[in-house]
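As structure tokens, the structure follows; a few thoughts come after it.
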Amino acid sequence: MKAAGVDALWVSNPANVRALSGFSSGQDGKVLVTGGGATLYTDARYTVQAQEESQVPQVIARPPETYQDAAQKVQGARVGFEAEHLTVAGLEALREHWDAALVPTRGLVEGVRLVKSPQEVQAIREAQAVADRVFEEVRPMIRAGVRELDVALALELGLRRAGAEVGFDVIVASGPRGAMPHGVASERVIEDGDLVTIDFGARVNGYHSDMTRTVAVGTPSEELRRVYNAVLEAEEAAVAAVRPGAKTGELDALARGILEQHGLAEAFAHSLGHGVGLNIHEGPSLRKGSEDVLEPGMVVTVEPGAYLPGVGGVRIEDLVLVTEDGHEVLSRAPKERL
Ligand SMILES: CSCC[C@H](N)C(=O)N1CCC[C@H]1C(=O)O
């Protein structure tokens, strides 16, 4: 906050509200951070929950009382707000109620969230372990004649039965649909010779897992197998290079270079990966040109892909913890060798 030139910070990003307070319904809360500490604001629907969960003092109020209470604490101060999250209406409300200079900030709390605490790593580890078990259970049903939607449903049911939440809409992209990196499950019936991309994750105590496996049904064409093996080579090389001090842009370049050697540069249509935590996508970003540097305690995905419109696609993704001396791969589901 000092570096950003603010005396206080009004936090409205739900994941940041949760990270700073422990309150799990961050979408219905705000946190005010001042030199005197942090305060959680939420409303009477959450009185008991906030008392149970919040590690900071709570004020139960609804706007405009929320703003009126906070007004006393920010009188005459320079107050940062989260430019990427506060709505225009939210900013107008602060202007109306506060005698304070309002300063746009970016990524202050997100910066603190880049390196996970041991408790956060444990939650991510548990989420991934559940996902691995569920994938093992569901793997046999990925065969010709089964709808993508039914595979997704089985994965979701498995996660819920295990006590986890479904982290994001399950991607099941078979055959030509595999060319869509975000091809959420459809009514398409899986066919013999398809590659099927499955990308899903669990959420435990608010923390996500993220893993992709591409599986073969019957014997895919030689072209698809060639693409699969190229993506696997890129993925394994990039995972092997994960260590403290590694520049994320260089990891992206490593994977991209391997795919380029296989004539698949254009087909790799997204970045190599991203951090995972309270949000499924958070920092650091493993993208082209990124200067982010890995540190122990970061949890990132490594997920190169190749997408060929009209033909199909492949993505292979592992969830990786950066350790003091290298990395630990948290996702354990086996990868196919084609
Ligand atoms: C909607 S969450 C998607 C999770 C997935 N593992 C993922 O992060 N990606 C799939 C395609 C690339 C990458 C992304 O940037 O969204």
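Atoms within a ligand are numbered from 1 in the order they appear, just like the ligands themselves. One-based numbering along the sequence shown.
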message: I need the single residue from Ser25, Ser24, Ser21 that forms a side-chain hydrogen bond (donor to acceptor under 3.5 Å, both in side chains) with Glu53. Which is it?
response: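 The passing option is Ser24.
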
Does [X] pair with [Y] as a salt bridge, N-O distance under 4.0 Å?
| X | Y | result |
| --- | --- | --- |
| Lys247 | Glu291 | yes |
| Glu336 | Arg225 | no |
| Arg160 | Glu165 | no |
| Glu235 | Arg315 | no |

Please could you name the atoms of ligand 1 that [X] approaches to less than 4.0 Å, counting only its heavy atoms?
| X | answer |
| --- | --- |
| His270 | 11 (C), 12 (C) |
| His274 | 7 (C), 8 (O) |
| Arg315 | 10 (C), 11 (C) |
| Glu317 | 6 (N) |
| Asp210 | 4 (C), 5 (C), 6 (N), 8 (O) |
| Asp199 | 4 (C), 5 (C), 6 (N), 10 (C) |
| Phe168 | 2 (S), 4 (C) |

- request: From the options Glu303, His182, Met211, select the one whose nearest heavy atom is closest to atom 3 (C) of ligand 1.
  value: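 Of the listed residues, His182 has the closest heavy atom.
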
Under 3.5 Å: N/O of His281 near N/O of ligand 1: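 Among all N and O atoms of His281, at least one is under 3.5 Å from an N or O of ligand 1.
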
- request: Using distance alone, decide if ligand 1 has a nitrogen or oxygen within less than 3.5 Å of any nitrogen or oxygen in Tyr307.
  value: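 Looking only at distances, the answer is no, because the N/O contact criterion of under 3.5 Å is not met.
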
message: Looking only at the side chains, is there a donor atom on one of Asn229 and Glu233 sitting less than 3.5 Å from an acceptor on the other?
response: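 No, no side-chain donor-acceptor pair sits under 3.5 Å.
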
Test salt bridge (Lys or Arg N to Asp or Glu O under 4.0 Å) applied to Arg125 - qualifying residues, sequence neighbours left out: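 Partners of Arg125 by the salt bridge (Lys or Arg N to Asp or Glu O under 4.0 Å) criterion, ordered by chain and then number, come out as Glu328.
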
